[in-house]
Amino acid sequence: MFDLKAYLKEKQQRVNAALKDLWHDHECSPTLLVQAMRYSLEAGGKRLRPILCLCASEVMGASEADVMPAACALELIHTYSLIHDDLPAMDDDDLRRGKPTCHKAFDEATAILAGDALLTAAFEVLAAAGRRQPDSALKWLEVIYCIARGAGYSGMVEGQMMDISSEGKTITLEELERLQRLKTGALIEASVWVGAVLGGGSAHEIAALRAYGRHIGLAFQVADDILNIEGEPAMLGKPVGSDEAHQKATRPSLTGLDQAKARAAQLADKASEALRIFGNKAEPLVALARYVIERNR
Ligand code: GRG
């Protein structure tokens, strides 16, 4: 049987090593900005987006080394989004990944700039990969496009805007799904999408992998809503109950916990069905779909 735990551990270690490598020029005397960037980046995230990217490219037979710059860029963007999400002007959180948030450990201005610099660094890493591999430059251009779509005003940032605008308001289930698909789902879908692109997938294969990414992207957020009620603060590295305190619309607040759990399971099933064309090669992605809804952190 496929050992997801061992698979995740191994991939996390390799992603962490590649992320660490990004700073080798700054190793001796890191500036305050680089210290703040690395503080959040190395605080112990699950590396789910990089792993999804590597995993999708593996289905297409790509080599991990070729795809790693995209995997790193996704984690840089994800970390920037968490730093900015925790700021007093947004969720105003004190703890993230079990440690003081970036603006608590440093200060607000440094945290804003660390987020900005992580976002910019992501596109530097992607462009540098294209410069190193001129034969694949067009592929890297496509990757930059996919990630910009997932992270920016067509994806995560728009979702965050909708999230903030809807605090304290009543929204429909349809509006909530749209918000969650953008805020959390879009970058997750982009992670799988770029893996498929770098792996040289056909249009049909890319579409199947994107459909998988779309389903688990929403499932991830529904699971997050459930963890915000039922999770263990020590495992999550942050307190629970913040959604209710912020009067945030969530899947459980709109439908109740049982229906939220049923929706998460349905989305994980749909995600796995989307991979049928890949047969056994998709086993790690199928296992990841279950992990997304069964995780405790
Ligand atoms: C500030 C532009 C901007 C966007 C913020 C992603 C996001 C949008 C906010 C994070 C708020 C949040 C907790 C959303 C729930 C889903 C989510 C992204 C959880 C954190 O991701 P994990 O569980 O975190 O992958 P780790 O720490 O494991 O990397």
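Order of listing sets the numbers, starting from 1, for every ligand and every atom in it.
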Hey, is R47 touching ligand 1 through its side chain, its backbone, both or neither, going by heavy atoms under 4.0 Å?
neither

I need the atoms of ligand 1 closer than 4.0 Å to a non-hydrogen atom of G45, numbered in the order shown.
26 (P), 27 (O), 28 (O), 29 (O)

Return the residue, atom name and 0.1 Å-rounded distance of the protein heavy atom closest to atom 3 (C) of ligand 1.
Q160 CG, 3.9 Å

Show me, pair by pair, the donor-acceptor contacts under 3.5 angstrom made by side chains of residues 279-288, not counting sequence neighbours?
none

With a 4.5 Å cut-off on side-chain heavy atoms, are H84 and L119 touching?
no

So which bit of H78 gets within less than 4.0 Å of ligand 1, heavy atoms only: side chain, backbone, both or neither?
side chain

Which atoms of ligand 1 are found less than 4.0 Å from any heavy atom of T184?
16 (C)

Distance to 0.1 Å, residue and atom name: give those for the protein heavy atom nearest to atom 17 (C) of ligand 1.
F220 CE2, 3.8 Å

Which pairs with one or both residues in residues 254-265 pass side-chain hydrogen bond (donor to acceptor under 3.5 Å, both in side chains), sequence neighbours excluded?
E177-R263, E230-K261, R263-Q266

Out of I188, I164, D85, V157, who is nearest to atom 11 (C) of ligand 1 when you count heavy atoms only?
D85

Would you mind telling me if ligand 1 is within reach of the side chain of K46, the backbone, both or neither, using heavy atoms under 4.0 Å?
both

Suppose I only count heavy atoms of Q221 and a 4.0 Å limit; which atoms of ligand 1 are within that range?
14 (C), 15 (C), 16 (C)

Number the atoms of ligand 1 from 1 as they appear, then name those within less than 4.0 Å of a heavy atom of R97, with their elements.
26 (P), 27 (O), 29 (O)

Numbered atoms and elements of ligand 1 in range of H84, under 4.0 angstrom, heavy atoms:
1 (C)

List ligand 1 atoms under 4.0 Å from S81, heavy atoms only on the residue side.
1 (C), 4 (C), 5 (C), 6 (C)

